[in-house]
Amino acid sequence: MDETRDPNAAPAGRPKGGIAARALAARGGPVAPNAADYLSGLNPEQRAAVETTEGPVLVLAGAGTGKTRVLTTRIAHILATRRAFPSQILAVTFTNKAAREMKTRIGHLVGGEVEGMPWLGTFHSIGVKILRRHAELVGLKSNFTILDTDDQIRLIKQLIQAENLDDKRWPARTFANLMDGWKNKGLTPDKIPEGDARAFANGKGRELYRAYQDRLVSLNAADFGDLLMHPIAIFQNHPDVLADYHKRFRYILVDEYQDTNVAQYLWLRLLAQHSAVRAEAGQDKVNVCCVGDDDQSIYGWRGAEVDNILRFERDFPGATVIRLERNYRSTEHILGAAAGLIANNEDRLGKTLFTDLRDPEHEKVTVNAGWDSEEEARAIGEEIEQLQRKGVKLNDMAILVRASFQMREFEDRFVTLGLNYRVIGGPRFYERQEIRDALAYFRCVCQPADDLAFERIVNTPKRGLGDAAIRLLHDYARAKGLPLIAAAADIVQGDELKPRPRAALADVVRNFERWSGLLSTMRHTDLGEMILDESGYTEMWQADRSAEAPGRLENLKELIRSMDDYESLPGFLEHIALVMDAEQNAETDAVSIMTLHSAKGLEFETVFLPGWEEGLFPHQRSLDEGGRSGLEEERRLAYVGITRGKRRVKIWFVSNRRIHGMWQSTIPSRFLDELPEEHVEVMEASASYGGYGAGGMGGYGASRWDGNAFSTSSYGTPGWRRAQASGGVGGYAGGRGRAIEYGESGVSGSDARSRAAATADKYIARDGAGGRSSGGFEEAPANGPDRSGFAGRLTDPFSANRSRGANQPPRKGGGLYSSARAGGPREIEGTLVAKSVADEPSRFSVGDRVFHIKFGGGTVALVEGNKLTVDFDRAGQKRVLEGFVEPA
DNA sequence: CGCAGAAAAGTTTTT
DNA sequence: CTTTTCTGCG
C-alpha cells in the first residue's frame, strides 16, 4: 500500500530535512542563528527529530533522553512554522497521563493559545471519537456506551449461561481475556484461529465471540477492544471515510511505539498509508513520526509487538531514523548498570546511553540481601527515613515492585512507621464499587437501553427485587425484545409481580422517567446529586456502619464535583469511560509505591527495587509462557526499573518470601549477576543492621549470588557472615529501630480500621497511624536468631533453603527441615498443629527456660499436652507447640 | 427475600 | 492470605 511512494527519495529530501541535516552536521557546534526559542537547548539529535517534519521518522529514544520534549517540541515546531493547524495533527499516546502532559507542555511552548489539538489523545479516546462519527457504519448509534471490564464479564457470564455451559468450568473472566487477546490482534470472530476457537467451551469460542458482539450491538455498546476494531473495519470497508482522514491528518505522531499491538498497528497503518488524497495534497511521503524505545517494551503480554518498531523502516521505506542516546536523567553508575543488564538481550536495535553526569561522589547501584520480605520492608523503611532525615523529599523516592502483592508489606510497614506513602495504580477511582453504581444510574438516565447498567442498580440499594423478580423481568424483556427498563415499565402495569416488588419496580421506573425528563433542563451536577439522593443510594452508604462507608461517600462527592468539569451528563460519561486514572494529589510529601509497569515514563531521585528473586523477577509465569522472549521482556522491565532512578538505585533480594500465605525459599535473580561489577556495590548487610554505607565485598564473582554451597551462596557475603557471628542464639543485639518494634506491643484496635482505610483508599496519600493488633513481636527482627539457628543446625542449609511449601520461613527445630520428615510438627496458617505427639507427655514442665526461633527466650508458664504457654522475654505470652521450642 | 457466616478459589503486569 | 461465592437460617 506504499507503492506510490518514491523509494529513491533521499531520507531528508524535503526542504526541512535540509535544515535537519545541517543541524546534524553541526553536531556539537553552536545552534543556528535565528533559531526559534523552543529549539534552543535541544541537542543536535533532538533537534533533528524536531525539524525533520516531512516523511517518516523513527526516533529511538532511550530512557531519559528527552523523548517527551522532542515530541512536544516537534508539534510546537509544526504549529509555529504554520505547517499545519492543530486540528490537522494526530498525536497518539498510550496513557491519559501522557496525553495530558503533552497537552500542557505544548501549551507552554506555544504560549497557551493552542486550545485545540482535538486529535491528541490515547488510541482509545481517538478511537471513540472516530467511532462516534461513523457509528452507524458498524450498526451502533453515536451515543453508544463504552463497557468496561466489569460490564464485559457480567455480559459474558450471561452468554455462557445462556449456552447452558458451566460457568465454573468456563469462567467468564478467562473468556474475556481470550477475547481481549483476539481484539488486540485485530481478529474478528471469523478470523480467529481454529485452535483458539476450540480452546474454550468445547469449541464454542467462536460462537461465543460472535454472540457477544451481537449482544453489544443490541445494547448499543462497545468494549475497549472495539474502540480500535470498529474504526479499523470502518477504514477498511469505507475508503471514502478513510480518505477523509487522510485529508485531515497532515502530521501523525505516535508515542511509545514499541507498545503498539497489532490492532493499533493496523489502525495506524491505515491512517498513515500513502494515498491518492495525500498525493493530491502535494505530500509525496506520509509525515509520520514514531517515538519509542525497544528496550522499554514491557507490554508483550497484552499484545504489544516489539516487531512493530523493529520493522518500521520496512513499513515506511526511506524513513529517517534518529537515535537519542544522551541521557539527562541518571548517573553513570545507574546507566552503566542498566546498560550491562540490557546487553544480555538479543532482540534489540541497540543503543548506548551516555551521560555527562559523572562524579566520583556518585553512589553506585547497591545490591542488598535480606532474610525475608518483612526484613526487606523494614530495612527499606529505615533507609527511607534516613534519607528523609538527610533532607531528601519523600516525593523523590519510589519503591518499584514486580507484582502488586509485594506492595502490601511495604504498606503495612509504613503504616506502623507513620511514613507517608501513596500507591499508584491501585484500584482506580472509576472502578470503585460506589462510583460504578453511581455511574450506572447516570447511564440508565442517559441511555435507557443500557441493560447492564440497569441490572447493576435495579436492586441497589436493596428494594426487595430479588432473583425471582429480576428473572421475570429478563424473560419479559427477551420475549418482547425490549430493553430492561422498558420491560419494567410494562410489567408494573400488569399483575405478574407480587405487590411488593411491583411497587418497588414501579418506583424505580417512575424515578428514571422523571430524571430523564430533567436531563435537558437541570444542571447535570445537581441532577447527579439528586439521582443519588432520591434513589436512596446516598442513604444506603450513610446507613452503612462499615469502615469504608465514609470514604465511599467522600468518593461520591468527588464524583459529583468532577462532573462540574464537563458540560453535560453524557459528556461526562464519555469522559470517565476512557480516563481510567484519577489524579493524584502531589501536595503531600509521600513515598510512591507502584509496579514497574506503571513506573514507565517516571523518574525519581531514589529508586528502591525490591524482590529481585528468581520466580518473582524474572516472573515464573513470563518464563513459562514466554520462553526466551519472556525472559527478555522481564529484563527490559528490570532495565526500566533501574533507569527510573536519577541518583540512587537500591536493589534488594531476600531468601524467603511469602506467596499466597506460604513461605517459599527463593534464590537471587539472575539479573543481579548481569549487573556490571564496576557500577554495583554489594552491601554488607541489610539496613536493619545499620551496616549499609560501608565497603563492598571482596570476592565478587559470577556465582556470587547463587552458588550451591553455603560459602558461595548469597549467605556468603561478609555482611551475612557477620550477622551470623554477631547474632548468636538469643544474642541478637539489634540495630536501630528496636524501640519502635517493641513499643508497639499491645497496640490494638486501630489496626483493623487503618487496614480497612488502607484498602479502601489506597490511592490517596495518608499518614500511617495505629499499630498492629498482633503485637510487637511480629515486628521483631527475626534475623539474628533465625540465622544463627539456621546455620547452626542444618547440615545442608542450602538445600533446606530451597525447599518449597513451608508455611513459615525456614527455622530450626520444628521448622522446615524436620517437617520434611514424616510426622514432624508443622505450622499451618499461624496455628500450631502437631501431627503425632499429641498423647506423649511433654518434655517440658512449668518454669523451664526455653528458646523459640521467632520469639526468643522465655519461661514455660503452662503445659497442656504438647502445647505450651510460654512467657517470652521479649514477645510476651504466647501459646506454642513444644516442637517449636527447645530447652535453653 | 436478605443477611451472615462458612467454604472455596485465586493470585503479574493494564490501555 | 484475601476475596468471592455458596449455603442455610431468620
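To find a chain, count down the sequence lines: A is the first, B the second, and so on, and within it residues start at 1.
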K.L.:
Is there a donor-acceptor pair under 3.5 Å between the side chain of A/Asn344 and the backbone N or O of A/Leu341?
P.N.:
yes
K.L.:
Using side-chain hydrogen bond (donor to acceptor under 3.5 Å, both in side chains) as the criterion, list what pairs up with A/Ser297, not counting sequence neighbours.
P.N.:
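Per chain and number, A/Ser297 pairs via side-chain hydrogen bond (donor to acceptor under 3.5 Å, both in side chains) with no residue.
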K.L.:
Applying a 4.0 Å non-hydrogen cut-off, can you work out what A/Ile298 is touching in the nucleic acid: base, sugar-phosphate, or nothing?
P.N.:
nothing
K.L.:
Using both pair distances under 3.5 Å as the test, note the stems of at least 3 consecutive Watson-Crick or G-U pairs that include DNA chain B.
P.N.:
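DNA chain B forms these stems: B:1-10 with C:1-10.
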K.L.:
To the nearest Å, how far apart are A/Met540 CE and B/dC3 P?
P.N.:
10 Å
K.L.:
Suppose we call two aromatic rings close when their centres sit under 6.0 Å apart. Are A/Tyr265 and A/Trp267 close by that rule?
P.N.:
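Ring centroids of A/Tyr265 and A/Trp267 are no less than 6.0 Å from each other.
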K.L.:
It should be established whether A/Thr149 places a side-chain nitrogen or oxygen under 4.0 Å from OP1 or OP2 of nucleotide B/dT14.
P.N.:
no
K.L.:
Please enumerate all residues that pass side-chain hydrogen bond (donor to acceptor under 3.5 Å, both in side chains) together with A/Asn184, with sequence neighbours excluded.
P.N.:
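Here the qualifying residues are A/Asn261.
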K.L.:
Show me the donor-acceptor pairs within less than 3.5 Å that the side chains of residues 497-504 of chain A make with the rest of the protein, sequence neighbours left out.
P.N.:
{"from": "A/Arg502", "atom 1": "NH1", "to": "A/Gly494", "atom 2": "O", "distance (Å)": "2.9"}

K.L.:
For nucleotides 4-10 of chain C, which of its nitrogen or oxygen atoms have a protein nitrogen or oxygen under 3.5 Å away, and what is each distance?
P.N.:
{"from": "C/dC6", "atom 1": "OP1", "to": "A/Lys168", "atom 2": "NZ", "distance (Å)": "3.3"}

K.L.:
Can you tell me if A/His597 is stacked onto the base of B/dT12, using a 5.5 Å centroid cut-off and an angle below 30°?
P.N.:
no
K.L.:
Using a heavy-atom distance cut-off of less than 4.0 Å, which residues of residues 456-464 of chain A contact DNA chain B?
P.N.:
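Output list: A/Asn459, A/Lys462, A/Gly464.
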